[in-house]
Peer 1: 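Below are the C-alpha cells for one structure; questions will follow.
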There are 4 protein chains.
Amino acid sequence: MPSFVHTRAVHFDEVDAAGIVFFAKFLGYGHEAMEALFGTLPGKYHGLVVGRRIGFPAVHVEADYRAPLRFGDIVTITLDVTKIGTTSCTLRYRLTRDDGTPTATVLHTTVCCDIAGEPKKIPFPADVRALLEAYRADD
Amino acid sequence: MPSFVHTRAVHFDEVDAAGIVFFAKFLGYGHEAMEALFGTLPGKYHGLVVGRRIGFPAVHVEADYRAPLRFGDIVTITLDVTKIGTTSCTLRYRLTRDDGTPTATVLHTTVCCDIAGEPKKIPFPADVRALLEAYRADD
Amino acid sequence: MPSFVHTRAVHFDEVDAAGIVFFAKFLGYGHEAMEALFGTLPGKYHGLVVGRRIGFPAVHVEADYRAPLRFGDIVTITLDVTKIGTTSCTLRYRLTRDDGTPTATVLHTTVCCDIAGEPKKIPFPADVRALLEAYRADD
Amino acid sequence: MPSFVHTRAVHFDEVDAAGIVFFAKFLGYGHEAMEALFGTLPGKYHGLVVGRRIGFPAVHVEADYRAPLRFGDIVTITLDVTKIGTTSCTLRYRLTRDDGTPTATVLHTTVCCDIAGEPKKIPFPADVRALLEAYRADD
C-alpha cells in the first residue's frame with residue numbers, strides 16, 4: 001500500500017533553548033499528518049470531531065529520535081497504519097529532513113471514541129476504517 | 001489600588017530560532033496572569049468559561065517590547081485594569097525580568113460574552129466586575 | 001503593489017478552552033507569513049537568522065480581532081508592508097477565513113538587528129529592503 | 001528514594017479541539033518537571049544549557065495515557081529516574097490530576113551531550129549524576 005505523505009516547514013518558534021525542534025513537537029508534526037489524512041474525508045477532520053463528535057484520544061505513544069530538526073528544515077512525515085482493531089489503531093509517522101536524513105519515528109495508538117460526553121470507546125465508522133485500511137503498512 | 005502580580009519561569013521550549021522568547025508568547029504570559037486573577041473567583045476561571053459559559057474574547061491588543069526574555073529568566077507580570085465599561089475592559093500587563101528590566105507592556109481589551117452558542121456580548125457579571133474594579137489602575 | 005499571500009489550515013491544537021484560536025496565535029500566523037516572505041530570498045529566512053545573524057525583533061504590535069477562527073478553518077494571511085524606515089518596518093497581516101470573513105488585522109513593527117551578540121540595530125541589507133519594497137502597501 | 005514533585009495548572013491555551021490537553025503537551029509537562037529538577041543545581045538548567053553548553057536531547061519516549069486533562073485541572077508531575085548509565089538516563093513522569101486520577105506515565109530517555117557544536121555524547125558531569133542518583137526510583 002502507498003503511504004500518506006505530508007510535508008511542512010519547521011517554523012521559527014518551534015525550536016527550544018538548545019536550538020533544535022522541541023521533542024514534544026514531533027508528536028504534533030505526526031498529528032498534523034493525521035489531520036491531513038482525515039482531511040481527505042468529506043467533512044474533513046473537524047467534520048469528524050466537531051460535527052460527528054468522534055475523537056481519537058491517544059492511549060500510547062512511542063517515539064525514537066535519531067537526528068535533530070532545526071529552523072529552516074522541511075520535514076516530511078510519512079504516515080502508515082501499522083495496526084487496525086475494532087476500536088483502536090496504531091499510526092506510524094516517519095519524519096525525514098529535506099536532506100534525506102531520517103529524524104524520528106513515532107508510533108501513535110489511538111482509540112475511536114464518541115466524545116459527545118465523557119469519551120466512550122466505539123468501533124471505527126466505515127468511512128474512517130476504509131481510510132485507515134488504504135494506508136495499512138506492508139511491513 | 002494594588003496590582004495583581006503573577007510570576008513564572010520562561011520554559012525551555014518558549015524561545016524561538018533567535019534564542020529569545022517568541023513575541024506572540026508575551027500575550028500568552030499576560031493571559032496566564034488573567035487566568036490567575038480569575039482563578040481567585042470561587043469556581044475559578046474554568047468555572048466561568050466551562051461552567052457558566054462566559055468568555056472574554058480579545059478585540060484589541062497593543063504590545064510594546066523593550067527588552068528580550070530568554071530561557072532562564074523569571075518573568076513577573078503586573079496586571080492592572082486600565083478601563084472598565086459595561087461589557088468590555090482593558091487589562092494592562094507589565095512584564096519585567098528578575099533582574100528588574102522592564103521587557104514589555106501589553107494592553108489587552110476583551111469583551112464579556114455569553115459563549116454558549118455564537119459569542120454574544122453581555123454585561124460583566126457582578127463578581128467579575130468587582131474583581132476587575134479591585135485592580136483598577138491608578139494611572 | 002501586490003500583497004504577499006500565505007494560506008494554512010488551523011491545526012487541532014491551536015484552539016483554546018473557549019473552542020476558538022487563541023488570540024496570541026494570530027501573531028504567530030502573521031509571523032509564518034513573514035517567514036514565507038523571507039523564504040523567497042536565496043538562503044531563506046533561516047539563512048538570514050542563522051547564517052547571516054540578522055534578526056527582526058518586534059518592538060510594537062497592534063491587533064484588531066473581528067471574528068473568531070476555529071479548527072477546520074483555512075486562514076489566508078495577506079501581508080503588506082505599511083512603513084519602511086532605515087532600520088525598522090511595519091508589516092500588516094490581514095487574516096481572513098475561507099468563507100471570506102475578515103477575522104483580524106495585525107500590525108507588526110520590527111527592527112533589523114545584528115543578533116551575533118546582544119541585538120544591535122542595523123540598516124536593512126539591500127536584499128531585505130528590496131523585498132520589503134516589493135510588498136509596500138498602496139493604502 | 002523520594003520522588004521530585006512539580007505541580008502546575010493546565011493553561012487556557014493547552015487544550016485541543018476535542019476540549020482536552022493535547023497529547024504532545026504531556027511530554028512538555030514532563031519536561032517542565034525536568035527543568036525544575038535541574039533548576040535546583042547552582043546555575044540552574046539554563047546554566048547547563050546556555051552556560052556550560054550541556055544538553056539532553058531525547059532519544060526515546062514512551063507515553064501511556066489513562067485519563068484526560070482539561071482546562072482547570074491542576075497536574076502533579078512525579079519525577080523518578082528509572083535508569084542511569086554513563087551517558088544516558090531514563091526519567092519517568094507520572095502525571096496525576098488534582099482529584100487524584102492518574103492521567104499518564106511518560107518515560108523519557110535522554111543522552112547527555114556537548115552541544116557547543118553538533119551534539120556529541122559525553123558522560124554526565126558529576127553534579128548532574130549526583131542529582132539524578134538522588135531521585136533514582138525504588139521500583
Side-chain angles (χ1 to χ4, degrees), chain A residues 14-32 34-35 38 44-70 88 91 93 101 103-119, chain D residues 14-32 34-35 38 44-70 88 91 93 101 103-119:
Chain A
E14 294 176 343
V15 302
D16 60 27
I20 58 178
V21 171
F22 191 56
F23 78 127
K25 190 69 201 168
F26 286 69
L27 277 57
Y29 288 171
H31 198 277
E32 283 185 20
M34 185 177 98
E35 294 173 43
F38 287 142
K44 306 205 167 172
Y45 190 34
H46 70 277
L48 273 176
V49 174
V50 181
R52 294 158 68 184
R53 304 303 288 148
I54 295 172
F56 305 93
V59 289
H60 186 70
V61 162
E62 280 188 55
D64 282 295
Y65 301 83
R66 293 196 196 92
L69 286 170
R70 289 192 168 81
S88 82
L91 306 178
Y93 312 116
T101 309
T103 64
T105 300
V106 178
L107 296 175
H108 176 207
T109 303
T110 70
V111 172
C112 186
C113 285
D114 177 339
I115 58 168
E118 274 303 292
Chain D
E14 293 176 343
V15 301
D16 60 27
I20 59 179
V21 172
F22 191 56
F23 78 127
K25 190 70 200 168
F26 286 69
L27 276 57
Y29 289 171
H31 198 277
E32 283 185 19
M34 186 178 97
E35 294 173 43
F38 286 142
K44 306 205 167 174
Y45 190 33
H46 70 278
L48 274 175
V49 174
V50 180
R52 295 158 66 184
R53 303 304 288 149
I54 294 172
F56 304 93
V59 290
H60 186 70
V61 162
E62 281 188 54
D64 282 295
Y65 301 84
R66 296 199 192 88
L69 285 170
R70 290 192 167 80
S88 82
L91 306 177
Y93 312 116
T101 309
T103 65
T105 300
V106 179
L107 296 174
H108 176 207
T109 303
T110 70
V111 172
C112 186
C113 285
D114 176 339
I115 58 168
E118 273 304 293

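This structure is a prediction, so every number in the text was calculated from the model and none was measured. In what follows, chains are A, B, ... by sequence order, proteins preceding strands, each numbered from 1.
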Peer 1: Could you give me the CA-CA distance, side-chain angles and deciding distance for D:F56 and D:F38, then say whether ring pair (Phe, Tyr, Trp, His ring centres under 6.0 Å) is met?
Peer 2: CA-CA 11 Å; D:F56 304 93; D:F38 286 142; 5.0 Å; yes

Peer 1: So which part of D:F22 gets closer than 4.5 Å to some heavy atom of chain A, the side chain, the backbone, both or neither?
Peer 2: side chain

Peer 1: For residues 60-68 of chain A, which side-chain donor-acceptor pairs fall under 3.5 Å, sequence neighbours excluded?
Peer 2:
{"residue": "A:H60", "atom": "ND1", "partner": "D:A63", "partner atom": "O", "Å": "3.1"}
{"residue": "A:H60", "atom": "ND1", "partner": "D:D64", "partner atom": "OD1", "Å": "2.8"}
{"residue": "A:H60", "atom": "NE2", "partner": "A:E62", "partner atom": "OE2", "Å": "3.2"}
{"residue": "A:D64", "atom": "OD1", "partner": "D:H60", "partner atom": "ND1", "Å": "2.8"}
{"residue": "A:Y65", "atom": "OH", "partner": "A:F23", "partner atom": "O", "Å": "2.9"}
{"residue": "A:R66", "atom": "NH1", "partner": "A:T105", "partner atom": "OG1", "Å": "3.4"}

Peer 1: How far apart are the closest heavy atoms of A:P119 and D:R70, and which atoms are they?
Peer 2: CD-NH2, 4.0 Å

Peer 1: Measure distances from A:H46 to the heavy atoms of chain D and classify the residue's part below 4.5 Å as side chain, backbone, both or neither.
Peer 2: neither

Peer 1: Name the member of A:R53, A:K25, A:H108 that forms the most heavy-atom pairs with chain D at distances under 4.5 Å.
Peer 2: A:H108

Peer 1: Tell me the closest heavy-atom pair linking D:A24 and A:L27, and the distance in Å.
Peer 2: CB-CB, 3.7 Å

